[in-house]
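Following: one structure in structure tokens, then a few remarks.
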Amino acid sequence: MADITTGALRRTLNLARPDDVYNAIVDAHRDLSDEQCRAFDARLILLLANHVGDEAVLREALRAARETMEES
Amino acid sequence: MSSYTYRHYEYRKPPELDGARARRPVVIVGAGMAGPTLALALAQRGVPSVILDEDDTVSIGSRSICQAKHSLETWDRFDVASRMVEKGITWEQGELYLHDKPVFRFNLQPEPGHKFPAFVNLQQYYVEEYLFERCLAEPMIEMRFRNKVVGVTPGPDGVTVEVETPDGRYALETDWLVACDGVRSTVRHLMDLPYPGEVFHDRFLISDIRLLSELPKERRFWFYPPFHPTNSVLLHRQADNVLRVDFQLGPDADPEEEKKPENIDRRLRQMFGPEARWEHEWTSVYTFTCRMMERFVHGRVIFAGDAAHVVSPFGARGGNGAIADVDNLAWKLAMVLAKTAPVSLLDSYCSERRAAARENILNSTRSTDFITPKFAASRAFRDATLSLARDFPFARALINSGRLSVPTVQPDSPLDTPDGDIDWLRGPGPGRAILDAPVGRDGSGWLIDRLGPGFTLLTFGDTDVPVGDLPSGVGCIRIAGDGLARQRYDGRPGTTYLIRPDRYVAARWRRFDAATIAVAIRRATGNG
Ligand SMILES: Cc1cc2nc3c(=O)[nH]c(=O)nc-3n(C[C@H](O)[C@H](O)[C@H](O)COP(=O)(O)OP(=O)(O)OC[C@H]3O[C@@H](n4cnc5c(N)ncnc54)[C@H](O)[C@@H]3O)c2cc1C
């Protein structure tokens with residue numbers, strides 16, 4: 001069972017090579033239509049969500065993603 | 001058409017039409033799944049009842065086929081459950097397909113150490129037949145077929161029911177009226193009570209067929225199969241070589257067109273191949289709603305089953321929820337009638353079962369949204385889950401084609417005493433259904449067989465407890481030694497569970513203390 005901890009979403013850098021990871025994500029979407037991007041992202045999110053495993057982190061990330069959209 | 005022979009149960013002219021007048025303690029409207037179960041549970045507690053049904057036979061069509069463990073445990077008290085298990089199908093394996101390829105197999109092997117499996121597939125008409133037979137043999141139950149309720153006049157301490165029969169109308173007086181008259185409840189309409197909820201627009205086609213050639217041995221679920229490329233198809237086995245094939249049609253389908261035998265046969269032919277032979281048993285096109293009444297108790301009128309709440313069929317929560325309702329209601333109503341509990345005890349029926357209905361609706365809505373996604377992103381996640389499932393086992397757990405009906409949790413019920421001790425590693429806490437386990441010296445008996453119609457104390461350890469100090473009518477089971485029961489209940493010596501008549505835990509302690517137990521029993525019966 002997943003650990004449920006509180007206020008756990010990391011807000012500071014956790015990647016050793018941020019540019020590489022960022023570009024790997026973007027490049028993976030190259031040549032995909034919008035619909036294919038959505039299908040791709042759905043797979044990616046599910047794979048990562050299961051890997052993270054921590055429901056509190058995921059919920060916080062969901063909130064953060066939505067809130068930053070409302071700000072922009 | 002159907003291989004099941006519908007028996008017509010005998011109508012007799014009600015004595016009221018010849019001038020008899022006798023007030024009844026309980027009148028039940030509806031002989032579906034809930035009504036007869038309630039009557040049997042009341043009879044077991046010495047309460048006589050009359051069941052009125054407008055019809056004179058059992059469920060038309062197989063309808064509820066998936067009978068869950070908790071319902072079987074309830075019916076076992078009336079000795080009808082073993083018959084259901086014998087006649088029905090205990091599923092073990094299934095397979096999920098995406099397009100034409102198998103994605104993964106699942107195994108619903110029952111957990112050992114329980115008298116009943118997680119569920120048994122048996123058509124609703126058999127369930128009702130066995131219940132009817134049992135009710136007809138019970139002197140405390142009077143079943144009145146072709147007795148249709150057409151009027152209800154609630155009073156402060158009773159209800160007058162207007163009933164229509166082939167011989168004319170009569171009035172029946174009762175202390176309590178329980179409406180188990182299904183989703184289109186006449187009683188609810190007559191009392192003009194709202195039934196708020198959500199309507200779903202997707203259409204489904206149920207086709208029950210009897211295969212005359214070899215049967216698939218497993219349950220199957222297809223998303224986008226070649227024989228029905230736009231939607232999903234679910235296959236369930238039932239008794240008598242009957243299969244239920246459930247086709248999702250989408251919101252725009254034409255029911256009349258889809259129901260035509262040649263259209264159904266075309267799909268079935270693609271599913272089962274050129275050699276297969278079958279007969280049609282029952283065909284039905286349905287949409288569904290999720291609704292719940294705001295209150296289940298209105299003075300002396302009580303609502304149960306589909307009359308009070310209704311869910312989508314995914315997850316088999318309709319019929320099983322109806323049985324859990326009447327299991328919760330029967331002991332409370334019997335105590336109120338015996339004046340050993342105040343009328344306010346019935347408020348807990350409403351709060352506990354409304355919480356259960358909410359949980360059932362949530363679960364079935366989630367399944368519905370998985371099977372019929374309502375917006376593009378929802379569909380994208382659903383399809384992503386399906387395509388990950390073959391190689392990533394975690395995704396299999398996300399596939400929601402209906403979650404098996406398990407007893408709901410009744411959190412924060414005013415009847416339950418919250419845990420005082422905090423060292424529980426396992427075991428059902430207050431508000432949770434008990435777990436069956438083998439008991440007895442050679443482990444050949446079952447815990448559920450040892451529970452009576454009242455409250456029961458389950459204690460663990462090698463020394464006898466001072467049962468003499470307990471209120472009368474409370475049963476006591478002591479489990480000695482080390483076994484599955486002790487593990488399931490975290491039953492260190494001294495551990496004591498207070499089990500309600502509906503097989504839910506009301507309280508538990510690490511130490512047996514008669515005075516504390518008596519307080520918890522008063523609370524659990526509304527006398528606190
Ligand atoms: C296609 C389909 C598939 C389903 N599959 C499942 C499943 O797999 N598992 C599951 O648990 N549930 C399933 N259900 C739901 C299940 O059938 C119902 O939830 C269940 O029958 C509810 O029981 P009930 O006793 O409340 O109502 P019902 O069984 O509907 O009984 C109501 C009774 O009231 C009587 N009545 C109505 N009006 C009057 C009146 N005015 N006077 C006298 N009598 C009256 C009717 O004749 C009827 O006998 C399914 C339903 C459908 C339609």
Side-chain angles (χ1 to χ4, degrees), chain A residues 1-11 14-72, chain B residues 96 98-99 101 103-104 106 111 223-224 229-232 359 362-363 366-367 369-401 403-404 406 409 411 422-429 432 435 487-488 490:
Chain A
M1 225 183 136
D3 250 2
I4 297 178
T5 48
T6 50
L9 181 68
R10 205 186 285 267
R11 288 174 188 249
N14 189 36
L15 299 165
R17 307 198 308 160
D19 287 351
D20 288 6
V21 172
Y22 177 85
N23 284 287
I25 294 171
V26 173
D27 284 345
H29 290 75
R30 202 179 292 278
D31 305 327
L32 297 182
S33 68
D34 285 357
E35 199 178 328
Q36 287 169 324
C37 281
R38 174 178 265 161
F40 176 90
D41 287 339
R43 286 163 174 74
L44 186 65
I45 291 168
L46 291 171
L47 286 163
L48 293 176
N50 182 63
H51 185 84
V52 169
D54 185 329
E55 188 179 324
V57 169
L58 290 167
R59 286 188 185 275
E60 214 180 315
L62 289 171
R63 265 197 312 278
R66 190 79 192 222
E67 279 162 12
T68 52
M69 274 175 84
E70 280 152 17
E71 280 160 18
S72 60
Chain B
L96 186 126
L98 178 60
H99 305 294
K101 295 197 182 61
V103 178
F104 71 96
F106 46 91
E111 189 192 7
F223 284 94
Y224 313 124
T230 53
N231 279 308
S232 64
E359 188 179 320
L362 173 70
N363 273 297
R366 285 176 168 176
S367 307
D369 287 344
F370 192 88
I371 296 167
T372 60
K374 299 292 180 294
F375 53 100
S378 175
R379 178 173 294 270
F381 278 101
R382 196 279 299 272
D383 290 348
T385 304
L386 292 172
S387 61
L388 289 173
R390 191 195 321 254
D391 298 324
F392 296 89
F394 85 86
R396 297 172 195 171
L398 306 181
I399 295 176
N400 188 345
S401 58
R403 298 285 182 227
L404 194 61
V406 291
V409 182
I422 52 163
D423 59 343
W424 299 98
L425 301 176
R426 248 174 273 109
R432 290 183 178 267
L435 306 165
Q487 281 172 34
R488 283 187 180 152
D490 189 12

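Chain letters run A, B, ... following the sequence lines, proteins first and then strands; every chain starts at 1. Note that these values count all heavy atoms, side chains included, but never hydrogens, waters or copies made by symmetry.
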Q: Check the surroundings of atom CZ in B:R366: do more than 12 heavy atoms from other residues, nucleotides or ligands lie under 6.0 Å from it?
A: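 Counting neighbours around CZ of B:R366, 12 or fewer heavy atoms of other residues, nucleotides or ligands fall under 6.0 Å, so no.
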Should we count CZ of B:R403 as having more than 12 external heavy atoms under 6.0 Å?
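Correct, the count exceeds 12.
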message = B:N363: which residues meet the side chain to side chain donor-acceptor pair (under 3.5 Å) condition with it, sequence neighbours left out?
response =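 Scan of B:N363 (side chain to side chain donor-acceptor pair (under 3.5 Å), adjacent residues dropped) gives none.
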| task | Can you tell which part of B:F381 gets under 4.5 Å to a heavy atom of chain A, answering side chain, backbone, both or neither? | result |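 For B:F381, heavy atoms of backbone and side chain both lie under 4.5 Å from chain A.
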When the 4.5 angstrom heavy-atom criterion is applied to B:A377 and chain A, the contacting part is both
Exercise for the section: For B:F223, enumerate each residue passing the ring-ring contact (aromatic ring centres under 6.0 Å, His included) test, keeping only those at least two apart in sequence or located in another chain. Expected result: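 Applying ring-ring contact (aromatic ring centres under 6.0 Å, His included) to B:F223 gives B:F221.
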Once you leave out hydrogens and angles, what donor-acceptor pairs under 3.5 Å do chain B and chain A share?
{"unit_1": "B:S387", "atom_1": "OG", "unit_2": "A:R43", "atom_2": "NE", "d": "3.2"}
{"unit_1": "B:S387", "atom_1": "OG", "unit_2": "A:R43", "atom_2": "NH2", "d": "2.7"}

Shortest non-hydrogen pair, A:A42 vs B:A384, comes out as CB-CB, 3.6 Å
task = Return the set of residues passing side-chain contact (heavy atoms from CB on, under 4.5 Å) with A:L44 (not counting sequence neighbours), or none when no residue passes.
result =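 Scan of A:L44 (side-chain contact (heavy atoms from CB on, under 4.5 Å), adjacent residues dropped) gives A:F40, A:L48.
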